[in-house]
Amino acid sequence: MQKPLAYTPKNVWETLTRREEVDALATRYIDFLSRCKTERETVAYVCECLAKAGFSEDFTKKSVFRSLRGKTVFAARRGRNPLSDGFALIAAHVDTPRLDFKQRPLIEQPGVVQAKTHYYGGIRKYQWLARPLALHGVIVRENGEKLPVTLGEKPDEPVFCIADLLPHLAQKQGAQTINDAFEGEKLNLVLAHSPAPDTKTKGKADKKTEPVKDHLLILLHKQYGITEEDLITAEVQAVPAGPARFAGFDRSLVGGYGQDDRICVFTALEALLNAKSAGRNMAVIFWDKEEIGSDGATGATSRFFQYCVEDLSRTWGRKASTAQIFLATQAISADVQGALDPDFQDLHEKQNAALLGYGPCFSKFTGSRGKYGASEADAEFFASLRGLLNAKSIPWQTAELGKVDAGGGGTVALHLAAYGMQVIDFGPALLSMHSPFELASCADLWATLAAYRAFFED
Ligand code: MN
Ligand code: MN
């Protein structure tokens, strides 16, 4: 068939024949999003799925995985091709913007005890006010004993909340810029409000200056056996409470927290587990710390990924050097793109903007201004992926994040490119990205899984 001369992106919904498959996939995705709200929970879920599917931590086996500190995980499936031909690799990230407890979080202010927080990643602070939040994380005792924390998700559990200013007193704030109006130091979570029922100090107000905090510490000790000092070394994150869910009359969208980048983690993992091997060695790496620049032992700039490949070069690789493996590897940096916002269309250059429902989106480069802070995929690799998807009739699109000079952002692509491999950003578009309730198209979820699978099966 002659190709049309002009290019038009395809709407995934118009190509779908089995809507029930899309609904079933979205239902499983919603369950995953509702269960996995932190990097630790996501990595634990991934490891559990891999172990169930027969993946081993023994690198002499054909399907292997390894995690580091429960915050990043590498997995690979051996193909018929020699390892010197490299991997088909998909990289995504498991961390999401949130509010972390400070090391000494508890403060008593008039009427309440609050937890002071330090935000992680790019948030719009006002989106976190006056909404139910849950606490997820881990408390580690001096003896090394770990106490996992998940509080505020079950209907009978209490939630937590940052109070917002009432409109009646917000006149001055209304005239301020957003940055001035919402301060990081005011992102304080209400934890408790009732004073300790202490009879000994009754009537001696000077002796009991923090009655609510005293009460909270008594409760924490009774329920969890912890003291205030245990909080200092803990990792406690405040995240939006409650499950992800279908959105829209037509149930065509998934709404939920942390879809940047768990939609790519979910689809890449499904693709790895279900791809029919056509010869390629397949691998995924799910990193932490992407939202704060990819530094740290579990981020994309650490050597962990390299160590995994080095170990596989010894067990699977025969004489392949790691340099050979890296240089021959083709990678998808699986991260989300900002969808064209219907109410802020002027911030996008529409011809090069991502549309919800038009399939996973290629970004040849990310970064800002004159393409600063990004790697750029080469034309040969980009064209080969385009050919692969067209041959399988999987819709795709291409986009830049907003107008030139409107802002920008980065992904892990440049950290993969540093190994010399071919890499391109490729993932679904989201509305309300980085908000407590991001929106993704069920059609894009389906098409992204199909595309990642096609990449592995090529
Ligand atoms: Mn991301
Ligand atoms: Mn992000």
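One-based numbering along the sequence shown. One-based numbering, in listed order, for ligands and for the atoms of each.
The main-chain N or O of K37 is found under 3.5 Å from a side-chain atom of R262 such that the two form a donor-acceptor pair. In this structure, S435 contributes its side chain and F437 its backbone to a donor-acceptor pair below 3.5 Å.
Within D260, the N, O or S atom at minimum distance from the Mn ion (ligand 2) carries the name OD2. The Mn ion (ligand 1) lies closest to atom NE2 when only the N/O/S atoms of H93 are considered. For D335, the N/O/S atom at the shortest distance from the Mn ion (ligand 1) is named OD1.
Cation-pi geometry between R98 and Y120 is satisfied (NZ or CZ under 6.0 Å from the ring centre, within 45° of the ring normal).
Checking D261 against the Mn ion (ligand 1), every N/O/S atom stays at or beyond the 2.8 Å cut-off. At a threshold of 2.8 Å, the Mn ion (ligand 1) has no backbone or side-chain N, O or S atom of C264 nearer than that distance.
Between F305 and W287, the ring-plane angle classifies as perpendicular under the 30° and 60° cut-offs. Using bins of under 30°, 30° to 60° and over 60° for the plane-to-plane angle, the ring pair F382/W396 lands in the perpendicular bin.
Around the Mn ion (ligand 2), the angle linking H434 (NE2) with E291 (OE1) is 80°, rounded to 10 degrees.
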